[in-house]
Number of protein chains: 2
Amino acid sequence: MQQTLSIGELAHRSGVAPSALRYYERLGLIRAGRTGGNQRRYDRAELRRVSFIRIAQQVGVSLDEIRDALDGLPESRTPTKADWARLSSRWQTKLNDRIAFLERLRDDLTGCIGCGCLSLIACRLSNPDDELSDDGPGPRRFPALS
Amino acid sequence: MQQTLSIGELAHRSGVAPSALRYYERLGLIRAGRTGGNQRRYDRAELRRVSFIRIAQQVGVSLDEIRDALDGLPESRTPTKADWARLSSRWQTKLNDRIAFLERLRDDLTGCIGCGCLSLIACRLSNPDDELSDDGPGPRRFPALS
DNA sequence: ACTTTACTTAAAGCCGACTTCAACTTGCAC
DNA sequence: GTGCAAGTTGAAGTCGGCTTTAAGTAAAGT
């Protein structure tokens with residue numbers, strides 16, 4: 001019964017390249033034991049960490065933030081389901097915000113195309129071609145970027 | 001009546017830094033005339049191009065793809081509302097796909113946290129802590145990244 | 001006229017997230 | 001016990017999207 005995985009095995013199971021796994025280790029996101037010959041051996045629990053990392057990335061979280069989150073896991077014991085659930089819930093808000101932002105963008109875009117007012121592209125920023133604005137300071141910024 | 005904008009004015013109105021505007025020009029996303037002294041002067045219509053670029057970026061489109069899209073605009077005349085609407089509609093599918101992807105992720109995450117099965121983090125990839133899998137090739141990949 | 005602010009360029013730098021390279025060592029199969 | 005795939009390292013490279021720098025020119029206010 002092999003309790004540990006080589007870097008190649010972990011890469012294969014997680015879909016993450018070995019070079020990326022070494023990179024994650026350098027950043028302190030995952031940990032590995034070593035054989036007598038200095039090769040990495042991963043506990044099976046690391047597979048879950050890697051999964052967590054990839055999911056968080058899809059949510060739009062940076063590796064730095066992911067590291068901070070993972071630092072919240074207990075070191076002494078293998079993380080439980082509750083531990084993971086607690087961490088995951090932290091991204092939900094972020095995910096919801098991101099979805100809301102994109103939905104708003106979509107709706108604006110739909111409205112824009114449908115009504116011909118070009119709300120996003122034109123109205124928010126400048127006047128239509130045939131109505132030059134005076135020199136007063138027009139609107140300057142777009143809504144928050146994500 | 002000033003029909004053109006200096007780079008600083010365009011930057012101010014669009015919320016995009018002058019350096020970024022010069023960069024966009026190098027990539028062929030926007031165009032500028034020149035004064036006798038070689039300074040850029042932008043037609044007001046360029047403001048709309050810049051808006052389009054920023055919106056497309058928020059949708060997740062790369063500058064290269066944006067350039068390709070903008071190449072679809074008529075060169076001879078100032079683009080009309082219909083021209084812009086046609087381009088914008090091209091991103092809608094992309095935007096919808098992205099939203100759908102994130103919603104799926106959110107729902108999986110919600111289910112995961114609610115039911116304790118850790119569907120995303122654990123089940124999709126490996127067995128729970130107390131059930132070691134055999135050596136057979138487990139699942140390897142995550143769902144498509146956006 | 002003069003001063004200040006805005007603009008010009010090419011080239012280099014930066015950031016995040018990796019990948020690639022080169023030179024070398026381990027570990028497993030036969 | 002040998003051959004070869006798989007692993008090791010630090011350093012450098014890549015890519016997208018800009019920003020910064022340096023050295024100089026133009027335009028605008030007074």
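Reminder, nothing fancy here: chain letters follow the sequence lines and each chain counts from 1.
Among residues two or more places apart in sequence or in another chain, the side chain to side chain contact (heavy atoms under 4.5 Å, CB included) test is passed with E65(B) by V61(B), S62(B), K94(B). Taking the side-chain hydrogen bond (donor to acceptor under 3.5 Å, both in side chains) definition, one finds that Y23(A) meets it with nothing, sequence neighbours left out.
Taking atom CZ of R54(B) as the reference point, atom C1' of dG16(D) lies 13 Å away to the nearest angstrom. Per the geometry, CG belonging to L27(A) stands 13 Å off C1' belonging to dC15(C), to the nearest Å.
Both S62(A) and G36(A) lie close to DNA chain C; mapped to their nearest nucleotides by heavy-atom distance, the more 5′-ward contact belongs to S62(A). Two residues, R22(A) and L63(B), neighbour DNA chain D, and the one matched to the more 5' nucleotide by heavy-atom proximity is R22(A). The 5' end of DNA chain D is approached more closely, in terms of each residue's nearest nucleotide, by R41(A) than by the other of R41(A) and I53(B).
Contact annotation: S6(A) reaches the phosphate of dG7(D) (side-chain N/O to OP1 or OP2, under 4.0 Å). Taking 4.0 angstrom as the limit, Y24(B) places a side-chain polar atom (N or O) nearer than this to OP1 or OP2 of dC18(D).
Put simply, the side chain of R67(B) does not reach to within 4.5 Å of the side chain of Y24(B), judged on heavy atoms. Looking only at side-chain heavy atoms (C-beta outward), Q57(B) and L63(B) come within less than 4.5 Å of each other.
Out of dG17(D), dT9(C), dA27(D), the shortest distance to the side chain of Y23(B) is found at dG17(D). With dT26(C), dT20(D), dT9(C) as the choices, the nucleotide that has an atom nearest any side-chain atom of Q39(A) turns out to be dT26(C). Considering only the side chain of Q57(B), dG17(D) comes nearest among dG17(D), dT9(D), dC18(C). Minimum atom distance to the side chain of A20(A) is reached by dC18(C), of the listed dC18(C), dA26(D), dT8(C). Closest to the I7(A) side chain, of the nucleotides dG7(D), dT19(C), dG17(D), is dG7(D). Nearest to the side chain of N38(A), among dT19(C), dC7(C), dT9(D), sits dT9(D).
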